[in-house]
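Comments concern the structure below.
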Amino acid sequence: MHSDQPSAADDPAEVADDIDKAALARVMRTVPLGAAVLAGSMVALLVIGYLLIYLLIFIPRGTVG
Amino acid sequence: MTELHPEMHERRILGTELLWAFGVGVLIALTLGMIVFTALTMGINPPSNVERIDPKTLHLSGEFAEHNLGTTVGPDGSTTVRIIATQFMFVPRCIAVPRGRLVTLRLATPDVIHGILITGTNVNTMVVPGYVAQVHTEFTRDGDLLMPCHEYCGTGHSEMWATVQVMTNDQFKPGADGRVSCAQR
Amino acid sequence: MSDPRLSEPHVLDQPWRVWATVAVLTIVLAGALLGVVIIPVVQGRAAGLDAFTAICRALGIKPGSPAQPQPSDRTPPTPVSQVTWTPEVLQVLARANTERGRAKVLEVCVACHGEQGVSVAPEFPHLNGQSGPAIYKQLHDYQSGSRVHPLMTDIAKALDEPVIADVAAYYAGQPKRNPNPATLGELPANIVQLVELGDPNRNIPPCAACHRPGVGGPIEAPILHEQGQNYLALQLKAYASGERRNDVYARMRTIASQLTPAEIDGLSRYYAAGFR
Amino acid sequence: MRNVERLCLAHLWVAFTAFTVACVLGTWQMWVRSPLGAKVGTPSLYFMSVTAHGVSMAYVLTTFFIMGFGYFVAVTALNRPLPGKPWAWLGFWMGLIGFVMAVIPIAMGQASVLYTFYPPLTGSAWFYIGLVLVVAGSWIWCVLMIVAMAEWKRENPGRPVPLVMFATVANAILWLWTTAGVATELLFQVIPAALGLVQTVDVGLSRTLFSWTLHAIVYFWLLPAYTAFYTLVPRAAGGRLYSDTMGRLTFILFLLYSLPVGIHHLLMDPEHGTGMKFIQVLLTGFVTVPTLLTIFTISASMEIAGRLRGGRGVFGWIAALPWERPMVLAAGLAFVMLGFGGFGGLINMAYGMNAMVHNTAWVTAHFHLIFGGSAVIMYFAIAYEIWPRLTGREHASLAPLRLQLWLWFLGMMVMTLPWHWLGLHGQWRRVANFNYADPIIAGWGPWVVVSFAGGLVLLASALLFVRNLFVLHRSPALALPRPLYALAVHPLHRVPAALNGFGLWNVLVAILMLLAYGWPIAQFAIAPSPAAIVHRVQ
């Protein structure tokens, strides 16, 4: 990155990666199944934890208003 | 599955993202719905008593003068506790409250910002100079609890706390003037 | 999203502008409807409040929670001190004239507290380098009867407000020079700890949290280092017994009543020796 | 001498020097608070240390790191020289001088007011003026980022701004909006009070103005981590970004929703009614959207990488990822900490339920996980990634880098998980010592010791981090710089102006802030808080 002499190699839009197009198209048939399962279950766990704390710890400690 | 045109495929990706966003939106609505539901049915709010009071003259007159502090049971049976939070002490330092009855805590400060919580309960409020902080709550278990100052108020902050005695109905007996003090233990 | 092949960026932009604005406003309006109307009105109904009051409380225009009635109770007060720290009082202190203060000191105070604030007898406090607000408050408290002393009560009653400020400013400007500092001898470690750390077991804050200059504590807190040992011990005992009670919210009465005689002695010697 | 490398390295070294000192202080504080450290130090020393820890971590590490990384991005992503480099140096020196000006009164015990600005307790005026200089220096950075993007757009009409620059400029604009609140509070309330020009302060107003800044500032700290998630991590993992458009939308949503939510920090305050509190809690619900979108998009991007590397099945792609690469490892660990921290945040924001945890160790755990955990571990990873470019040298071995990241993660978890438990039981924040003789507090002791052990691990990690950077400065030269920024599955060729700039979004931020903060601030103009006398620490 010799800053005052920019080189095209630094421009991400112009640098192709070595990912094979066909391979990418192949994996894109399954993606984002795993991501949806992983992220979905994590977020669901968060909300379940929230509801449990709300109902089992917060409410029994006495209401505030 | 046939190969899609890149732009069609990009739209499918965005469609998937939109589906995810919708699912996430449902979950957020669920968490907010819990808040709205308990606010409507149980009257749960954060303590928000926008009641102005001059911090400079608290000790001269009114309910926060020294000998008006502490627990009072009104003629209608309502329990109100008045507390001063000052550098570096709560007045009074021991607070008697009944179990299983609505209690109103009112706090004010003559100097800087303080805050309180009572361990194991939902009592929590900032005590901001210029305002009366007020918490309505019900204590669900009896015993001695800690009420520390939880906002930094100066070098003596760490030694600033009070004790809260949650009493059963047998122990919580107001005197003729309606005042209740801590039991000596 | 529209098909980018068919339209230019600025045309593409129009739905974005419309939908983003609609979405943002809908969210805020939904929040306002719930938070300012529906929740307070429903809560207010359960607490016996009319809808208008409940909404005003939610907006912070009227005091109180929309879900609870406000308590009422007033009993007549008997304040322990009439002094208040208002901008006006601080202004008076800031504008004090040390020359006039010196004249008054030579006329009245010098017999006990000395011209330079070094007292002539161990039962009188040194006033040199004392904080102005502290002297001001004590003179005022003598005047109003909040603090009682056979000599000082009458002397203070003869002073008017600007003179009190002048005297306070004069003594505050005198350098610390205690001619007879106490010798420390063997000061137990627990005294230093009481000053610096306090005692968590007894809920005693560190002395230094208020009685160190520039610590941001109570405005009226006096500076204690190089004060007379005897005077300090007398005052701590007077607070402990409740004989002296002009400390607002009983801060010193509460602390002093928890100190042992050995601690009162140790603390007096600590400060008399000039430690800060 | 004139190179941008020097500029970036200067910023980053200031950031990480402050960070290392703050780590030492933080560990000492945990010792003092634990049952092992009773009678060690005094409250005066403790609060001096907390102030220095907070200022170094929250204002210096963050601001200088973000500025240094921003300059790097502007040059490498836009592939053009940085506009106004002398101005950048001016910003750097303003920040550094400001930092020194703030540190001197802290060290003299004249600013032991912690890093939050809550008058009437005020410290030395130099402390505040110094911090204003740090912020003013960062404003120069904001302008340079905006100018750099504008010039690039002029030279490249119709082309989408690279996502990494779009994200950096989003953060610069967010920071300009964010600092408006605290700057107003400091210039019109706190500094006049500290200088003795005024004797009283409207505490309700000062808290409200500070809350304006208080939440969005954390997003300012976090956005470099998100920038790395979208633009560095997919390439490091050997995959592609799932969707460039969603990246842009995410950063836009952060700009929109991280500002009008600050009153959720004042849920327990008596100077605001329930109505505005509820509105901002609702808006806080929406600020989770960009994070949840990110979790999905980045998981999908990692899934692409994992499957390209031969991972199969619903979860097989996770094992197939190149975890030996620091950037990938850091991203994984950051997500775990983001999950725990986000869970804590969900409890914090829940309106009345905030009363259960407000100002307890729960809150300390929450922001140490989110900022100290997710954000800072990505700062490490970014530093490891760009340092070779800045120095022209290559890491001799990745093993110490991985060890450092693992130690940071383990230390953070061991430190913060007990804090959640303690917070739920009422252990309050910001105290120099606990009375472990009290029967309630006695039960907390062992957990405080466990969290202190976590603090020691964190300190070891911080020292190892600095060592790794020093070693790199003496390592063999870099043969060929690797490209950094990830491509999307379908790189964008044209985007609507709304996704290529911030005009529309600035208007919407203004509208949102007017609706969310208009009444909360206006109420103090209509009926000011009764004035409180200033208490000066000096």
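Heavy atoms only: backbone and side chains are in, while hydrogens, waters and symmetry mates are out. Below, read A as the first sequence line, B as the second, and so on, with proteins coming before strands; counting in each chain starts at 1.
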> Among I113(B), V127(B), V24(B), L27(B), which has the most heavy-atom pairs under 4.5 Å with chain D?
Replying inline: I113(B)
>> Let's test your reading of the structure: which of L266(D), L121(D), V113(D) forms the most heavy-atom pairs below 4.5 Å with chain B?
In response: L121(D)
Quick check - list every chain B-chain D donor-acceptor pair under 3.5 angstrom, one line each.
residue	atom	partner	partner atom	Å
H9(B)	ND1	H490(D)	NE2	2.5
E10(B)	OE2	T245(D)	OG1	3.2
E17(B)	OE1	T297(D)	OG1	3.3
E17(B)	OE2	T297(D)	OG1	2.8
W20(B)	NE1	L292(D)	O	3.0
N45(B)	OD1	Y351(D)	OH	3.2
P47(B)	O	K277(D)	NZ	3.1
S48(B)	OG	K277(D)	NZ	2.9
R52(B)	NE	A527(D)	O	3.1
R52(B)	NE	P528(D)	O	3.4
R52(B)	NH2	A527(D)	O	2.8
K56(B)	NZ	A531(D)	O	2.6
N124(B)	ND2	A355(D)	O	3.0
N124(B)	ND2	H358(D)	O	2.9
T125(B)	OG1	M268(D)	O	3.2
M126(B)	N	M268(D)	O	2.8
Y131(B)	OH	S529(D)	OG	2.8
H150(B)	O	N359(D)	ND2	3.0
H150(B)	ND1	N359(D)	ND2	2.9
E151(B)	OE2	R430(D)	NH1	2.6
Y152(B)	OH	S112(D)	O	2.7
H157(B)	NE2	R430(D)	O	3.0
S158(B)	OG	A432(D)	N	2.8

> So what's closer than 4.5 Å to chain B heavy atoms on A300(D): side chain, backbone, both or neither?
Replying inline: neither
> Do you know which of P528(D), G352(D), P439(D) has the most heavy-atom pairs with chain B at a distance under 4.5 angstrom?
Replying inline: G352(D)
>> Out of A29(B), P55(B), P110(B), P148(B), return the one with the most heavy atom pairs under 4.5 angstrom to chain D.
In response: P148(B)
> With D76(B), which residues qualify under side chain to side chain donor-acceptor pair (under 3.5 Å), at least two apart?
Replying inline: S78(B)
> Most heavy-atom pairs under 4.5 angstrom with chain B, which of A527(D), P43(D), A488(D)?
Replying inline: A527(D)
> Can you say whether A531(D) sits under 4.5 Å from chain B via the side chain, the backbone, both, or neither, judging by heavy atoms?
Replying inline: both
> If you count heavy-atom pairs under 4.5 Å with chain B, which of M353(D), M349(D), M246(D), M356(D) comes out on top?
Replying inline: M246(D)
>> Less than 4.5 Å to any heavy atom of chain D: does that hold for the side chain of L107(B), its backbone, both, or neither?
In response: neither
> Do you know which of P47(B), A133(B), G130(B) has the most heavy-atom pairs under 4.5 Å to chain D?
Replying inline: P47(B)
>> Could you tell me if the side chain of V281(D) sits less than 4.5 Å from the side chain of L32(B), heavy atoms only?
In response: yes
> At a heavy-atom separation under 4.5 Å, does V132(B) approach chain D through its side chain, its backbone, both, or neither?
Replying inline: backbone
>> For I13(B), which atoms come within 4.5 Å of any heavy atom of chain D: side chain, backbone, both, or neither?
In response: both
> Heavy-atom distance under 4.5 Å to chain B: side chain of P119(D), backbone, both or neither?
Replying inline: backbone
> chain D heavy atoms under 4.5 Å from I44(B): which part of the residue, side chain, backbone, both or neither?
Replying inline: both
>> If you compare all heavy atoms of I440(D) against all heavy atoms of L145(B), which two are closest, and at what distance to 0.1 Å?
In response: CD1-CA, 3.9 Å
> At a heavy-atom separation under 4.5 Å, does F278(D) approach chain B through its side chain, its backbone, both, or neither?
Replying inline: side chain
> What heavy-atom pair brings L293(D) and A21(B) nearest, and what distance separates the two atoms?
Replying inline: CD2-CB, 3.9 Å
